[in-house]
Amino acid sequence: MTINDRGTWGSRFGFVLAAAGSAVGLGNIWGFPTKVGQNGGGAFVLVYLACVIFICLPILIAELAIGRHTKSDPVKAYARLRPGTRWWMAGALGVAAGFGVLSFYSVIAGWALAYIWFSATGSVSSGALESATFFTEFTARAPINLMLTFVMLAATAGVLLGGIRSGIERVSKFLMPVLALLLVGLAIRAVTLPGAAEGVAYYLKPDFSKVMNFGTLNAALGQAFFSLSLGLGTMLVYGSYLTRREGIAKAAVMVVVVDTCLALLAGFMIFPSGFSIPGFDPSSQGPGLIFVVLPRLFASLPGGQFFGAAFFILLTLAALTSAISLLEVPVAHFIDSHGWGRSRAVLVVMMATFALAIPSVLASGANDFFTSLPVIGLDFLTVMITVWNDFALPLGGLFTAVFVGYVWRIDNALEELLAEQAWFPGRQFWGLLIRYACPAAIFLIIFGTLQSLIA
Ligand code: TRP
(Lines give C-alpha, C1' and ligand atoms only; values in the text may rest on other atoms or scores of the structure.)
Protein backbone atom coordinates (compact mmCIF):
# COMPACT_ATOMS: atom_id res chain seq x y z
CA MET A 1 0.00 0.00 0.00
CA THR A 2 1.46 3.37 -0.93
CA ILE A 3 1.30 6.32 1.39
CA ASN A 4 -1.39 8.08 -0.60
CA ASP A 5 -3.80 5.18 -0.22
CA ARG A 6 -4.14 5.99 3.46
CA GLY A 7 -5.98 9.21 2.69
CA THR A 8 -5.29 12.84 3.65
CA TRP A 9 -7.33 15.80 4.85
CA GLY A 10 -8.68 18.03 2.11
CA SER A 11 -7.58 21.27 3.76
CA ARG A 12 -6.21 22.73 6.98
CA PHE A 13 -9.71 23.91 7.81
CA GLY A 14 -10.97 20.35 7.45
CA PHE A 15 -8.20 19.02 9.68
CA VAL A 16 -8.83 21.64 12.35
CA LEU A 17 -12.54 20.85 12.46
CA ALA A 18 -11.91 17.10 12.59
CA ALA A 19 -9.31 17.46 15.36
CA ALA A 20 -11.54 19.91 17.22
CA GLY A 21 -14.36 17.40 16.78
CA SER A 22 -12.18 14.83 18.49
CA ALA A 23 -11.23 17.22 21.27
CA VAL A 24 -14.70 18.63 21.96
CA GLY A 25 -16.74 15.92 23.62
CA LEU A 26 -18.18 14.73 26.88
CA GLY A 27 -14.96 16.04 28.43
CA ASN A 28 -15.85 19.64 27.57
CA ILE A 29 -19.55 19.67 28.24
CA TRP A 30 -19.70 17.33 31.19
CA GLY A 31 -16.16 16.89 32.57
CA PHE A 32 -14.97 20.49 32.55
CA PRO A 33 -17.93 22.09 34.38
CA THR A 34 -18.02 19.19 36.85
CA LYS A 35 -14.33 19.64 37.68
CA VAL A 36 -14.70 23.40 37.98
CA GLY A 37 -17.59 22.81 40.37
CA GLN A 38 -15.63 20.38 42.51
CA ASN A 39 -12.48 22.49 42.64
CA GLY A 40 -13.61 25.93 43.63
CA GLY A 41 -14.74 27.76 40.49
CA GLY A 42 -12.74 30.44 38.70
CA ALA A 43 -9.34 29.74 40.19
CA PHE A 44 -9.46 26.24 38.77
CA VAL A 45 -10.15 27.71 35.34
CA LEU A 46 -6.88 29.68 35.54
CA VAL A 47 -4.89 26.59 36.53
CA TYR A 48 -6.57 24.67 33.72
CA LEU A 49 -5.56 27.32 31.18
CA ALA A 50 -1.95 27.17 32.34
CA CYS A 51 -1.95 23.37 31.94
CA VAL A 52 -3.40 23.68 28.45
CA ILE A 53 -0.82 26.21 27.28
CA PHE A 54 2.36 24.91 28.89
CA ILE A 55 1.84 21.14 28.99
CA CYS A 56 -0.89 20.05 26.59
CA LEU A 57 -0.23 22.30 23.58
CA PRO A 58 3.44 21.17 23.41
CA ILE A 59 2.38 17.51 23.56
CA LEU A 60 -0.29 18.04 20.92
CA ILE A 61 2.38 19.51 18.63
CA ALA A 62 4.67 16.55 19.37
CA GLU A 63 1.98 13.96 18.58
CA LEU A 64 1.08 15.69 15.31
CA ALA A 65 4.77 15.87 14.34
CA ILE A 66 5.32 12.12 14.89
CA GLY A 67 2.17 11.36 12.92
CA ARG A 68 2.89 13.54 9.94
CA HIS A 69 6.52 12.48 9.79
CA THR A 70 5.80 8.75 9.80
CA LYS A 71 2.39 8.69 8.07
CA SER A 72 1.53 5.63 10.16
CA ASP A 73 -0.57 4.34 13.01
CA PRO A 74 1.04 4.71 16.47
CA VAL A 75 2.64 1.24 16.55
CA LYS A 76 4.27 1.56 13.15
CA ALA A 77 5.15 5.20 13.80
CA TYR A 78 7.33 4.43 16.82
CA ALA A 79 8.71 1.32 15.11
CA ARG A 80 9.70 3.39 12.06
CA LEU A 81 11.50 6.03 14.05
CA ARG A 82 13.28 3.51 16.32
CA PRO A 83 13.28 0.14 14.54
CA GLY A 84 14.34 -2.90 16.53
CA THR A 85 13.53 -1.29 19.89
CA ARG A 86 10.56 -1.72 22.16
CA TRP A 87 9.23 1.77 21.47
CA TRP A 88 6.42 0.27 19.38
CA MET A 89 4.86 -0.69 22.69
CA ALA A 90 4.16 2.98 23.44
CA GLY A 91 2.01 2.96 20.30
CA ALA A 92 0.39 -0.32 21.26
CA LEU A 93 -0.65 1.17 24.58
CA GLY A 94 -2.48 3.87 22.62
CA VAL A 95 -4.22 1.36 20.37
CA ALA A 96 -5.37 -0.59 23.43
CA ALA A 97 -6.53 2.64 25.06
CA GLY A 98 -8.55 3.45 21.94
CA PHE A 99 -10.61 0.30 22.56
CA GLY A 100 -10.66 0.88 26.30
CA VAL A 101 -11.75 4.52 26.33
CA LEU A 102 -14.34 4.04 23.60
CA SER A 103 -15.82 1.02 25.41
CA PHE A 104 -17.07 3.24 28.25
CA TYR A 105 -17.37 6.48 26.28
CA SER A 106 -19.96 4.86 24.02
CA VAL A 107 -22.03 3.78 27.04
CA ILE A 108 -22.27 7.36 28.29
CA ALA A 109 -22.93 8.58 24.74
CA GLY A 110 -25.82 6.11 24.67
CA TRP A 111 -27.28 7.71 27.81
CA ALA A 112 -27.08 11.11 26.11
CA LEU A 113 -28.90 9.71 23.10
CA ALA A 114 -31.72 8.34 25.27
CA TYR A 115 -32.05 11.65 27.13
CA ILE A 116 -32.82 13.45 23.86
CA TRP A 117 -36.00 11.39 23.83
CA PHE A 118 -36.66 11.69 27.57
CA SER A 119 -36.30 15.49 27.38
CA ALA A 120 -38.36 15.94 24.25
CA THR A 121 -41.21 13.88 25.70
CA GLY A 122 -40.95 15.41 29.17
CA SER A 123 -40.40 12.05 30.87
CA VAL A 124 -38.16 13.37 33.67
CA SER A 125 -39.96 15.15 36.49
CA SER A 126 -38.63 18.26 38.22
CA GLY A 127 -38.34 16.68 41.67
CA ALA A 128 -34.79 16.10 42.93
CA LEU A 129 -35.45 12.60 44.15
CA GLU A 130 -37.53 11.58 41.15
CA SER A 131 -34.97 12.71 38.59
CA ALA A 132 -32.20 10.85 40.43
CA THR A 133 -34.30 7.69 40.67
CA PHE A 134 -35.23 8.00 37.02
CA PHE A 135 -31.55 8.03 36.08
CA THR A 136 -30.68 5.06 38.31
CA GLU A 137 -33.58 3.01 37.00
CA PHE A 138 -32.85 3.88 33.40
CA THR A 139 -29.14 2.99 33.53
CA ALA A 140 -29.98 -0.29 35.29
CA ARG A 141 -31.96 -1.53 32.28
CA ALA A 142 -29.36 -3.57 30.39
CA PRO A 143 -31.15 -4.41 27.11
CA ILE A 144 -32.02 -0.83 26.18
CA ASN A 145 -28.57 0.41 27.21
CA LEU A 146 -26.82 -2.28 25.19
CA MET A 147 -28.87 -1.19 22.23
CA LEU A 148 -28.05 2.50 22.73
CA THR A 149 -24.33 1.75 23.05
CA PHE A 150 -24.52 -0.32 19.90
CA VAL A 151 -26.31 2.47 18.01
CA MET A 152 -23.60 4.98 18.97
CA LEU A 153 -20.83 2.57 17.95
CA ALA A 154 -22.57 1.75 14.69
CA ALA A 155 -22.96 5.45 13.86
CA THR A 156 -19.27 5.94 14.60
CA ALA A 157 -18.33 3.01 12.40
CA GLY A 158 -20.61 4.31 9.65
CA VAL A 159 -18.65 7.56 9.48
CA LEU A 160 -15.30 5.76 9.49
CA LEU A 161 -16.31 3.52 6.61
CA GLY A 162 -16.34 6.69 4.50
CA GLY A 163 -12.62 7.18 5.11
CA ILE A 164 -10.73 10.34 6.00
CA ARG A 165 -11.93 13.00 3.60
CA SER A 166 -15.46 11.90 2.80
CA GLY A 167 -16.07 10.30 6.20
CA ILE A 168 -14.43 12.04 9.16
CA GLU A 169 -13.74 15.40 7.53
CA ARG A 170 -17.13 15.80 5.90
CA VAL A 171 -19.07 14.92 9.03
CA SER A 172 -16.90 17.19 11.21
CA LYS A 173 -17.34 20.14 8.85
CA PHE A 174 -21.08 19.78 9.22
CA LEU A 175 -21.34 18.86 12.91
CA MET A 176 -18.87 21.30 14.47
CA PRO A 177 -20.72 24.47 13.40
CA VAL A 178 -24.03 22.90 14.52
CA LEU A 179 -22.44 22.09 17.85
CA ALA A 180 -21.08 25.60 18.35
CA LEU A 181 -24.45 27.17 17.51
CA LEU A 182 -26.33 24.88 19.91
CA LEU A 183 -23.86 25.63 22.67
CA VAL A 184 -24.04 29.41 22.16
CA GLY A 185 -27.84 29.30 22.07
CA LEU A 186 -28.06 27.24 25.25
CA ALA A 187 -25.51 29.42 27.05
CA ILE A 188 -27.53 32.54 26.18
CA ARG A 189 -30.67 30.84 27.50
CA ALA A 190 -28.79 29.86 30.68
CA VAL A 191 -27.33 33.26 31.55
CA THR A 192 -30.78 34.87 31.18
CA LEU A 193 -32.39 32.50 33.70
CA PRO A 194 -33.48 33.83 37.09
CA GLY A 195 -30.64 33.36 39.58
CA ALA A 196 -28.08 33.02 36.79
CA ALA A 197 -25.87 35.80 38.17
CA GLU A 198 -24.95 33.68 41.17
CA GLY A 199 -23.80 30.88 38.88
CA VAL A 200 -21.75 33.20 36.70
CA ALA A 201 -20.16 34.67 39.83
CA TYR A 202 -19.25 31.23 41.13
CA TYR A 203 -17.79 30.29 37.78
CA LEU A 204 -15.69 33.41 37.35
CA LYS A 205 -14.64 34.39 40.85
CA PRO A 206 -11.27 32.84 41.65
CA ASP A 207 -11.04 31.29 45.11
CA PHE A 208 -7.31 30.73 45.34
CA SER A 209 -7.51 28.97 48.68
CA LYS A 210 -8.99 25.96 46.86
CA VAL A 211 -6.46 25.57 44.06
CA MET A 212 -3.18 25.66 45.90
CA ASN A 213 -3.15 21.97 46.51
CA PHE A 214 -1.90 18.97 44.68
CA GLY A 215 -5.30 17.35 44.07
CA THR A 216 -6.59 20.36 42.14
CA LEU A 217 -3.50 20.66 39.98
CA ASN A 218 -3.82 16.99 39.24
CA ALA A 219 -7.48 17.36 38.28
CA ALA A 220 -6.74 20.34 36.01
CA LEU A 221 -3.94 18.61 34.16
CA GLY A 222 -5.86 15.35 33.80
CA GLN A 223 -8.89 17.21 32.50
CA ALA A 224 -6.84 19.25 30.02
CA PHE A 225 -5.19 16.09 28.79
CA PHE A 226 -8.44 14.25 28.20
CA SER A 227 -10.14 17.26 26.69
CA LEU A 228 -7.43 17.65 24.05
CA SER A 229 -7.51 13.92 23.20
CA LEU A 230 -3.87 13.42 24.15
CA GLY A 231 -1.87 10.39 25.19
CA LEU A 232 -3.70 7.85 23.08
CA GLY A 233 -2.31 8.46 19.61
CA THR A 234 -5.53 10.08 18.39
CA MET A 235 -3.69 13.24 17.42
CA LEU A 236 -0.78 11.20 16.09
CA VAL A 237 -3.17 9.40 13.73
CA TYR A 238 -4.98 12.62 12.75
CA GLY A 239 -1.54 14.17 12.14
CA SER A 240 -0.62 11.25 9.89
CA TYR A 241 -3.29 12.41 7.42
CA LEU A 242 -1.86 15.94 7.27
CA THR A 243 0.12 17.01 4.25
CA ARG A 244 3.39 18.88 4.59
CA ARG A 245 1.73 22.00 3.25
CA GLU A 246 -0.14 22.58 6.51
CA GLY A 247 1.86 24.09 9.35
CA ILE A 248 1.48 21.98 12.49
CA ALA A 249 1.97 24.65 15.14
CA LYS A 250 -0.68 26.93 13.68
CA ALA A 251 -3.20 24.11 13.29
CA ALA A 252 -2.48 22.94 16.86
CA VAL A 253 -3.09 26.41 18.27
CA MET A 254 -6.42 26.58 16.45
CA VAL A 255 -7.52 23.21 17.82
CA VAL A 256 -6.57 24.26 21.36
CA VAL A 257 -8.42 27.57 21.02
CA VAL A 258 -11.62 25.91 19.76
CA ASP A 259 -11.53 23.18 22.42
CA THR A 260 -10.87 25.61 25.26
CA CYS A 261 -13.46 28.15 24.13
CA LEU A 262 -16.14 25.49 23.91
CA ALA A 263 -15.25 24.14 27.37
CA LEU A 264 -15.43 27.66 28.82
CA LEU A 265 -18.73 28.22 27.06
CA ALA A 266 -20.10 24.97 28.51
CA GLY A 267 -19.39 26.46 31.96
CA PHE A 268 -21.56 29.46 31.05
CA MET A 269 -24.33 27.05 30.21
CA ILE A 270 -24.03 24.70 33.20
CA PHE A 271 -23.40 27.00 36.18
CA PRO A 272 -26.20 29.52 35.63
CA SER A 273 -28.55 26.59 34.90
CA GLY A 274 -27.50 24.80 38.07
CA PHE A 275 -27.73 27.83 40.31
CA SER A 276 -31.19 28.64 39.04
CA ILE A 277 -32.36 25.45 40.78
CA PRO A 278 -33.02 25.82 44.51
CA GLY A 279 -30.58 23.86 46.66
CA PHE A 280 -28.05 23.29 43.85
CA ASP A 281 -24.65 22.03 44.97
CA PRO A 282 -21.95 22.95 42.41
CA SER A 283 -19.70 20.16 43.64
CA SER A 284 -22.27 17.40 43.04
CA GLN A 285 -20.39 14.47 41.64
CA GLY A 286 -20.35 12.13 38.71
CA PRO A 287 -23.14 11.95 36.20
CA GLY A 288 -25.45 13.84 38.57
CA LEU A 289 -24.88 17.24 37.04
CA ILE A 290 -25.71 16.34 33.47
CA PHE A 291 -28.23 13.52 33.80
CA VAL A 292 -30.00 14.50 37.02
CA VAL A 293 -29.70 18.23 37.73
CA LEU A 294 -30.15 19.60 34.21
CA PRO A 295 -33.16 17.43 33.33
CA ARG A 296 -34.82 18.86 36.44
CA LEU A 297 -34.20 22.35 35.18
CA PHE A 298 -35.57 21.54 31.75
CA ALA A 299 -38.65 19.99 33.34
CA SER A 300 -39.46 23.24 35.14
CA LEU A 301 -38.56 25.70 32.39
CA PRO A 302 -41.04 27.10 29.87
CA GLY A 303 -40.03 25.52 26.58
CA GLY A 304 -37.89 23.10 28.59
CA GLN A 305 -38.68 20.13 26.38
CA PHE A 306 -37.18 22.02 23.47
CA PHE A 307 -34.09 23.23 25.32
CA GLY A 308 -33.60 19.86 26.98
CA ALA A 309 -33.70 18.03 23.69
CA ALA A 310 -31.33 20.61 22.17
CA PHE A 311 -28.90 20.10 25.04
CA PHE A 312 -28.80 16.32 24.70
CA ILE A 313 -28.51 16.57 20.92
CA LEU A 314 -25.46 18.75 21.57
CA LEU A 315 -24.04 16.19 23.99
CA THR A 316 -24.68 13.27 21.63
CA LEU A 317 -23.12 14.97 18.61
CA ALA A 318 -20.09 16.09 20.62
CA ALA A 319 -19.65 12.51 21.81
CA LEU A 320 -20.01 11.17 18.28
CA THR A 321 -17.20 13.24 16.76
CA SER A 322 -14.95 12.20 19.66
CA ALA A 323 -15.91 8.54 19.36
CA ILE A 324 -14.96 8.71 15.69
CA SER A 325 -11.42 9.72 16.62
CA LEU A 326 -11.17 7.02 19.29
CA LEU A 327 -12.24 4.25 16.92
CA GLU A 328 -9.92 5.54 14.20
CA VAL A 329 -6.81 4.73 16.27
CA PRO A 330 -7.25 0.93 16.31
CA VAL A 331 -8.72 1.09 12.79
CA ALA A 332 -5.60 2.86 11.50
CA HIS A 333 -3.50 0.29 13.33
CA PHE A 334 -5.07 -2.69 11.56
CA ILE A 335 -4.86 -0.90 8.21
CA ASP A 336 -1.25 0.30 8.52
CA SER A 337 0.40 -2.41 10.60
CA HIS A 338 -1.55 -5.44 9.43
CA GLY A 339 -2.55 -4.49 5.90
CA TRP A 340 -6.31 -4.89 6.44
CA GLY A 341 -8.84 -3.11 4.28
CA ARG A 342 -10.69 -0.20 5.90
CA SER A 343 -14.12 -1.86 5.96
CA ARG A 344 -12.85 -4.98 7.65
CA ALA A 345 -10.86 -2.97 10.18
CA VAL A 346 -13.84 -0.75 11.02
CA LEU A 347 -16.25 -3.65 11.49
CA VAL A 348 -13.91 -5.83 13.54
CA VAL A 349 -12.80 -2.97 15.80
CA MET A 350 -16.38 -1.86 16.30
CA MET A 351 -17.59 -5.31 17.30
CA ALA A 352 -14.64 -5.83 19.64
CA THR A 353 -15.32 -2.48 21.29
CA PHE A 354 -18.96 -3.39 21.72
CA ALA A 355 -18.00 -6.65 23.41
CA LEU A 356 -15.75 -4.73 25.78
CA ALA A 357 -18.57 -2.24 26.47
CA ILE A 358 -20.99 -4.91 27.71
CA PRO A 359 -19.61 -5.16 31.26
CA SER A 360 -19.60 -1.33 31.48
CA VAL A 361 -23.30 -1.34 30.63
CA LEU A 362 -23.95 -4.04 33.23
CA ALA A 363 -22.04 -2.00 35.82
CA SER A 364 -25.13 0.15 36.40
CA GLY A 365 -27.48 -2.81 36.64
CA ALA A 366 -28.60 -5.37 39.14
CA ASN A 367 -25.75 -7.79 38.50
CA ASP A 368 -23.66 -7.84 41.69
CA PHE A 369 -20.53 -8.97 39.91
CA PHE A 370 -20.17 -5.93 37.62
CA THR A 371 -21.55 -3.36 40.06
CA SER A 372 -19.01 -4.37 42.68
CA LEU A 373 -16.05 -6.31 41.32
CA PRO A 374 -14.41 -8.90 43.58
CA VAL A 375 -11.42 -7.66 45.62
CA ILE A 376 -11.52 -4.01 44.44
CA GLY A 377 -15.20 -3.46 45.24
CA LEU A 378 -15.66 -0.82 42.53
CA ASP A 379 -18.08 -1.07 39.63
CA PHE A 380 -16.70 -2.04 36.22
CA LEU A 381 -17.37 1.34 34.57
CA THR A 382 -15.43 3.18 37.27
CA VAL A 383 -12.57 0.71 36.94
CA MET A 384 -12.41 1.26 33.17
CA ILE A 385 -12.41 5.04 33.58
CA THR A 386 -9.63 4.81 36.16
CA VAL A 387 -7.44 2.40 34.22
CA TRP A 388 -7.64 4.19 30.88
CA ASN A 389 -8.12 7.85 31.77
CA ASP A 390 -6.08 8.08 34.90
CA PHE A 391 -3.21 5.76 33.97
CA ALA A 392 -3.02 4.79 30.30
CA LEU A 393 -3.48 8.31 28.90
CA PRO A 394 -0.94 10.09 31.14
CA LEU A 395 1.50 7.23 30.55
CA GLY A 396 0.99 7.60 26.79
CA GLY A 397 1.65 11.34 27.09
CA LEU A 398 4.77 10.69 29.14
CA PHE A 399 6.08 8.32 26.45
CA THR A 400 5.38 10.89 23.75
CA ALA A 401 7.27 13.64 25.58
CA VAL A 402 10.23 11.42 26.48
CA PHE A 403 10.36 9.96 22.98
CA VAL A 404 10.34 13.31 21.21
CA GLY A 405 12.57 15.02 23.78
CA TYR A 406 15.28 12.37 24.19
CA VAL A 407 14.96 9.62 21.59
CA TRP A 408 13.80 11.13 18.30
CA ARG A 409 15.20 14.42 19.65
CA ILE A 410 14.06 18.00 19.43
CA ASP A 411 16.11 19.00 16.37
CA ASN A 412 14.68 16.16 14.26
CA ALA A 413 11.16 16.99 15.40
CA LEU A 414 11.79 20.65 14.58
CA GLU A 415 12.85 19.74 11.10
CA GLU A 416 9.41 18.21 10.60
CA LEU A 417 7.65 21.08 12.32
CA LEU A 418 9.43 23.75 10.30
CA ALA A 419 8.95 22.07 6.91
CA GLU A 420 7.81 24.44 4.13
CA GLN A 421 8.78 27.44 6.29
CA ALA A 422 5.97 26.74 8.71
CA TRP A 423 5.08 29.24 11.42
CA PHE A 424 6.40 28.18 14.82
CA PRO A 425 7.33 30.96 17.23
CA GLY A 426 8.96 29.95 20.51
CA ARG A 427 10.34 26.71 19.12
CA GLN A 428 13.25 26.65 21.57
CA PHE A 429 10.84 27.09 24.43
CA TRP A 430 8.74 24.24 23.03
CA GLY A 431 11.81 22.00 23.18
CA LEU A 432 12.40 22.89 26.82
CA LEU A 433 8.77 22.23 27.72
CA ILE A 434 8.82 18.84 26.00
CA ARG A 435 12.09 17.79 27.62
CA TYR A 436 11.53 19.05 31.14
CA ALA A 437 8.13 20.51 32.01
CA CYS A 438 5.90 17.91 30.31
CA PRO A 439 7.53 14.75 31.69
CA ALA A 440 7.74 16.26 35.18
CA ALA A 441 4.10 17.40 35.16
CA ILE A 442 2.77 14.11 33.82
CA PHE A 443 4.84 12.15 36.26
CA LEU A 444 3.15 14.14 38.99
CA ILE A 445 -0.33 13.28 37.66
CA ILE A 446 0.43 9.57 37.72
CA PHE A 447 1.98 9.82 41.16
CA GLY A 448 -0.95 11.88 42.47
CA THR A 449 -3.51 9.41 41.14
CA LEU A 450 -1.69 6.48 42.71
CA GLN A 451 -1.53 8.34 45.99
CA SER A 452 -5.23 9.18 45.98
CA LEU A 453 -6.14 5.56 45.18
CA ILE A 454 -4.07 4.22 48.05
CA ALA A 455 -5.24 6.85 50.54
N1 TRP B 1 -11.41 14.72 24.00
C2 TRP B 1 -12.67 14.05 24.02
C3 TRP B 1 -13.57 14.70 25.07
O4 TRP B 1 -13.24 15.73 25.59
C5 TRP B 1 -12.54 12.57 24.24
C6 TRP B 1 -11.50 11.91 23.41
C7 TRP B 1 -11.51 11.65 22.09
C8 TRP B 1 -10.23 11.49 23.87
N9 TRP B 1 -10.33 11.09 21.68
C10 TRP B 1 -9.54 10.98 22.76
C11 TRP B 1 -9.64 11.52 25.11
C12 TRP B 1 -8.24 10.51 22.91
C13 TRP B 1 -8.35 11.04 25.25
C14 TRP B 1 -7.66 10.54 24.15
O15 TRP B 1 -14.60 14.20 25.40
Side-chain angles (χ1 to χ4, degrees), residues 17-36 48 51-52 55-56 59-60 62-64 67 73-74 90-91 93-109 111-112 152-153 156 159-160 168 172 175-176 179 183 220-239 255-256 258-267 287 290 314-333 349 353 384-400 442 445:
L17 287 190
S22 166
V24 177
L26 298 171
N28 300 59
I29 295 164
W30 172 11
F32 180 75
T34 309
K35 295 259 166 73
V36 174
Y48 176 84
C51 291
V52 165
I55 309 295
C56 294
I59 294 192
L60 173 59
E63 274 201 32
L64 292 173
D73 82 284
L93 178 70
V95 173
F99 282 112
V101 174
L102 187 57
S103 76
F104 67 78
Y105 203 85
S106 56
V107 176
I108 301 169
W111 297 346
M152 288 308 295
L153 285 173
T156 306
V159 174
L160 288 192
I168 306 177
S172 308
L175 288 185
M176 290 312 285
L179 212 92
L183 191 52
L221 191 50
Q223 172 61 26
F225 223 77
F226 185 81
S227 188
L228 284 165
S229 301
L230 298 178
L232 194 147
T234 292
M235 291 302 180
L236 189 158
V237 168
Y238 274 25
V255 172
V256 164
V258 174
D259 184 66
T260 306
C261 286
L262 292 193
L264 292 171
L265 202 55
I290 295 288
L314 166 76
L315 200 62
T316 307
L317 295 182
L320 179 66
T321 50
S322 299
I324 289 170
S325 74
L326 286 163
L327 197 69
E328 179 63 15
V329 175
V331 165
H333 171 68
V349 168
T353 309
M384 290 301 268
I385 296 179
T386 308
V387 167
W388 300 111
N389 280 11
D390 299 347
F391 289 105
L393 297 185
L395 208 56
L398 184 63
F399 288 148
T400 308
I442 299 169
I445 314 192

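All values below were derived from every heavy atom in this structure, side-chain atoms included, with hydrogens, water molecules and symmetry-related copies excluded. All figures in this text were calculated on a predicted structure; none of them were measured in a lab. Ligands are counted one by one from 1 in listed order, and the atoms in each one are counted from 1 as well.
- Here the side chains of Leu221 and Tyr48 are not in contact, with every heavy-atom distance at 4.5 Å or above.
- At the shortest separation from atom 12 (C) of ligand 1 among protein heavy atoms lies Thr234 OG1, 3.2 Å.
- A distance of 9.0 Å separates CZ in Phe225 from CD1 in Ile55, rounded to the nearest 0.5 Å.
- Considering backbone and side-chain N/O atoms, Leu326 never comes within less than 3.5 Å of an N/O atom of ligand 1.
- A distance-only check finds a donor-acceptor pair linking the side chain of Glu63 to the backbone of Gly231 [under 3.5 Å].
- Using a 4.5 Å cut-off on side-chain heavy atoms (C-beta onward), Thr316 and Met152 make contact.
- A heavy-atom separation below 4.0 Å is not found between Phe225 and ligand 1.
- Distance alone, capped at 3.5 Å, is enough to place a donor-acceptor pair between the Ser229 side chain and the Ser22 backbone.
- How far CZ of Phe226 is from CD1 of Ile385: 8.5 Å, rounded to the nearest 0.5 Å.
- Here Phe99 contributes atom CZ and Leu327 contributes atom CG; the two are 8.0 Å apart, rounded to the nearest 0.5 Å.
- Regarding atom 15 (O) of ligand 1, its nearest protein heavy-atom neighbour is Tyr105 OH, 2.6 Å.
- The shortest contact between atom 8 (C) of ligand 1 and any protein heavy atom is with Ser229 OG, 3.5 Å.
- Of the possible donor and acceptor atoms, none in the side chain of Ser227 sits under 3.5 Å from a partner among the backbone N and O of Gln223.
- Counting atoms of ligand 1 from 1 in the listed order, those under 4.0 Å from a heavy atom of Asn28 are 4 (O).
- Atom numbering of ligand 1 starts at 1 in the shown order; those under 4.0 Å from a heavy atom of Leu232 are 12 (C), 14 (C).
- Near Ser227, meaning under 4.0 Å from one of its heavy atoms, ligand 1 places the atoms 1 (N), 4 (O).
- Residue contacts with ligand 1, taken as heavy atom pairs separated by less than 4.0 Å, involve Leu393 solely via side-chain atoms from C-beta onward.
- Judged purely by atom type and a 3.5 angstrom limit, Ser322 uses its side chain to pair as donor or acceptor with the backbone of Ala318.
- Residue contacts with ligand 1 leave out Val329, since none of its heavy atoms falls under 4.0 Å from the ligand.
- Contact check for Leu236 versus Leu64: no side-chain heavy atoms found under the 4.5 Å cut-off.
- Here the protein heavy atom with the shortest distance to atom 4 (O) of ligand 1 is Ala23 O, 2.9 Å.
- Shown in contact with Ser325 at under 4.0 Å from a heavy atom are these atoms of ligand 1, numbered in order with element: 7 (C), 9 (N).
- A heavy-atom separation below 4.0 Å is not found between Gly231 and ligand 1.
- Annotation: atom 11 (C) of ligand 1 to nearest protein heavy atom, Phe226 O, 3.3 Å.
- Contact atoms of ligand 1 toward Leu26: 15 (O) (distance under 4.0 Å to a heavy atom of the residue).
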